[in-house]
Each structure stands twice: as structure tokens, then as C-alpha cells.
Amino acid sequence: MTVRCLYPAEKAGEYPLSGLYLERESIRKVDAEQDSGLLIYSNFITSLDGRISLQNAVSGEFSVPGHIANRRDWRLYQELAAQADVLITSARYFRQLDKGCAQDLLPVGREDAYQDLVAWRLQQGMQAQPDVLIVSASLDIPLAALRYLEHRRIVVMTPEGCDCKRREALVAAGVQVCESGKGQVSGTDIKRLLVKLGYRSAYMIAGPAVHRTLLVDGVLDRLFLTTHFSLLGQDAFHSILQGDMQPVAARLCSLYLDEAGQQIFAQYNMEKLEKA
Ligand SMILES: NC(=O)c1ccc[n+]([C@@H]2O[C@H](COP(=O)([O-])OP(=O)(O)OC[C@H]3O[C@@H](n4cnc5c(N)ncnc54)[C@H](OP(=O)(O)O)[C@@H]3O)[C@@H](O)[C@H]2O)c1
């Protein structure tokens, strides 16, 4: 299983898919460059027409389209998760998990194919699984769904004036609840808290709203984007970003063609656009 490097030109050649994001394009190499010591990165798989999720006509739930989800991309998703001290996700994920329709269990390497990644984490002196930060305004987080996160720190960030009962229930379940901003959690506060907690790498695996929260405050450092060569259509969908914000430039760092998987793996450095 190999992929072809298309950019930068000096790295042109065929490389094994396995290890691409763990070693060749390791987040840990970028990590050291950051002033705050924390690197925040996101990852999506999208169709050519920009769909990351489609609505199921029967259940009404949104999920990653089966046409684009694939194990080659999932290996890279896992390699990025393996390097994370903490995962940033949404309350919506836990609501879906509770209904039995979430994509995964926020694991690193629960399946046999990814056991090497758990072993890698332990070799690096990391805990077996990353901690989890949940962003939510509603605090509608089914406690039963949190049982999958045993032995991991769980932090919920929510705007000021949150629902007291839901907050108390979460705290009683061992969750740390932190308030940030009015109405919406801010990306700046997310970063500040993660730095305070001593994390060095944070992997954003939620959808377009949390993505915007990080981008709008300029705290997202890297975007990993897989584009699958398919067109999906449908009006009810999510893209990688939703909501108003100032433009952000994404500078290409690496680009690999996965011919067998009919997709490209791109990595971008997020930069503020200078005003014209
Ligand atoms: N293809 C891919 O690579 C990919 C990757 C990730 C997700 N997805 C898909 O994208 C779809 C949407 O995912 P998602 O719902 O997790 O994404 P999301 O749009 O990032 O998160 C939505 C929820 O997060 C909370 N939230 C987000 N920003 C907030 C803020 N600034 N302050 C307070 N709360 C905030 C809210 O929770 P409350 O409602 O609790 O207030 C909101 O309902 C799903 O179908 C998922 O499967 C696809």
C-alpha cells in the first residue's frame, strides 16, 4: 500500500501509506515550532463537492457518507489520533453515540490493525488513549455515552450561564466543566485551557461548528484534508466549515496521491490572510 508524494517536489516518490502521518509527516515534528507548546490540528474526509456528512432520510441523523469513508483514510485518522494528548469533539458526537450511530468510540487502535499505534503511544511515554475535551452550549451529553472514556480526563467547555442541573450531573460523573464566553465557547479559551492543562497536541475531530470556533480565533494550526474522488450531491449536508468568519489562508505543506484509494491527502498550515 503506497501513496505518491505530489508536493513538495523535492519529496517526490512513492511512500508506504502506513506511517505517513505518524512518521513522515509527524505532528510531533511541527509541535516544537509552536510558541505556546501546543499544536491544534483538524482532519476531515470530503467528497469533491465538499460533503463531509449527509443526512439519513430515515433517521434524520447526519453521518460520514459510506461512499467516501474508507480504511486507507481511517489508518491516517488513527495515526493523527495516536499523536494527540487530547481530542476535541462535540456534544453532538455523544448524543449520536448514545443512539448507537456514532462513527467510532474515540479510540486509538482498538482494532487489531491499529495495535501498533497504542504500542507507539506507550513507547513515547503517553497514556494509552488521549483525553477528551467536549464543546457544548446545551450540555446535553448523555452520561451513559461517557462510559467509553474510562480512565481518561474528560473536560467539557460550555458558555457562561449553563444549565445547572446538567452541569451538576456531569460533575458528579467525574467530568470537569469549564465556562467560556457568552452564548458560544471561544477558540481562544479552548486553547488557553489546553495549554494550562499541559497538553502539547490537540486533535479536533468534531464538525464544521467546532472547526469554525477554532479558525475564527486563529488557534487552529494545521488542517489535514482527504479529498475522495466522488461527487455525492444531496442538499442536506455538512462541509468542513459553517458560519461567518474572516477568510483564513491555508498554505499547502504536503500532498499525496492515493491512486488505489482514489483520493488525495493534503496538509495545510493555517495562516491569517492579510487585508487587501
Ligand atoms: N467527514 C469527516 O471527516 C467528518 C469529521 C467530523 C465530523 N463529521 C460529521 O459532521 C457532522 C457534524 O459533526 P458535529 O455535530 O460533531 O460538528 P459540529 O458542527 O462541530 O458540532 C456541533 C455541536 O457542537 C457544539 N458546539 C460547536 N461549537 C460550539 C461553540 N463555539 N460553543 C458551544 N458549543 C459549540 C454544539 O453542541 P450543543 O448542541 O450541545 O450545544 C453543537 O451542536 C456529523 O455528521 C459528523 O459525523 C465528518
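Sequence positions, counted from 1, serve as the residue numbers for this chain. Atoms within a ligand are numbered from 1 in the order they appear, just like the ligands themselves.
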Report all side-chain donor-acceptor pairs from residues 172-180 shorter than 3.5 Å, counting only partners two or more places apart or in another chain.
{"from": "E179", "atom 1": "OE2", "to": "R167", "atom 2": "NH1", "distance (Å)": "3.0"}
{"from": "S180", "atom 1": "OG", "to": "S186", "atom 2": "N", "distance (Å)": "3.1"}
{"from": "S180", "atom 1": "OG", "to": "D189", "atom 2": "OD2", "distance (Å)": "2.9"}

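- Set against the non-hydrogen atoms of R95, the atoms of ligand 1 under 4.0 Å away are 38 (P), 39 (O), 40 (O), 43 (O).
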Is there a ring pair (Phe, Tyr, Trp, His ring centres under 6.0 Å) between Y203 and Y77 once you walk through the steps?
-> CA-CA 10 Å; Y203 182 21; Y77 171 97; 5.7 Å; yes
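- Atom 46 (C) of ligand 1 has its nearest heavy-atom neighbour, among H238, R92, M204, R51, in R92.
- Taking distance alone, with nitrogen or oxygen atoms compared against 3.5 Å, H211 stays at or beyond that limit from ligand 1.
- Heavy atoms from both the backbone and the side chain of V135 come within less than 4.0 Å of ligand 1.
- Relative to atom 6 (C) of ligand 1, the option among G243, A206, G183, C162 with the closest non-hydrogen atom is A206.
- Any N or O atom pair closer than 3.5 Å counts here, and I52 shares at least one such pair with ligand 1.
- Side-chain atoms of S230 and H67 form no donor-acceptor pair, as typed in the model, at a separation below 3.5 Å.
- Ligand 1 does not have E61 within reach: every non-hydrogen atom of the residue lies 4.0 Å or more from it.
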Evaluation steps, side-chain hydrogen bond (donor to acceptor under 3.5 Å, both in side chains), between Q267 and R222 | CA-CA 7 Å; Q267 181 188 179; R222 291 275 163 139; 2.8 Å; yes
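- Backbone and side-chain nitrogen or oxygen atoms of I68 are examined, and none is located within less than 3.5 angstrom of a nitrogen or oxygen of ligand 1.
- Residue-level proximity to ligand 1 for P208 is carried by backbone and side chain together, each with a heavy atom below 4.0 angstrom.
- With sequence neighbours left out, D116 forms a salt bridge (charged side-chain N to carboxylate O under 4.0 Å, His left out) with R75.
- Taken from OG in S90 to NE2 in H211, the straight-line distance is 13.5 Å, to the nearest 0.5 Å.
- For the pair D131 and D85, the minimum side-chain heavy-atom distance is 4.5 Å or more.
- Within 6.0 Å of CE on M245 lie more than 12 heavy atoms contributed by other residues, nucleotides or ligands.
- When each atom of ligand 1 is checked for a heavy atom of I205 under 4.0 Å away, the hits are 6 (C).
- The shortest N or O to N or O distance between Q242 and ligand 1 is not under 3.5 Å.
- Atoms of ligand 1 found under 4.0 Å from any heavy atom of F62 (numbered from 1 in listed order, with element): 45 (O).
- Here's the thing with N43: none of its N/O atoms is less than 3.5 angstrom from an N/O atom of ligand 1.
- Taking CG from L139 and CD1 from I134, the interatomic distance works out to 9.5 Å, rounded to the nearest 0.5 Å.
- At least one N or O atom of S138, backbone or side chain, sits closer than 3.5 Å to an N or O atom of ligand 1.
- Remark: ligand 1 atoms within the under-4.0 Å shell around heavy atoms of A91 are 40 (O).
- Under the 3.5 Å distance criterion, with hydrogens and angles disregarded, no donor-acceptor pair is assigned to the side chains of Y41 and Q83.
- An N or O contact shorter than 3.5 Å is missing between D140 and ligand 1 by distance.
- Between A209 and ligand 1, at least one pair of N/O atoms sits closer than 3.5 Å.
- At least one donor-acceptor pair under 3.5 Å links the side chain of R121 to the backbone N or O of A128.
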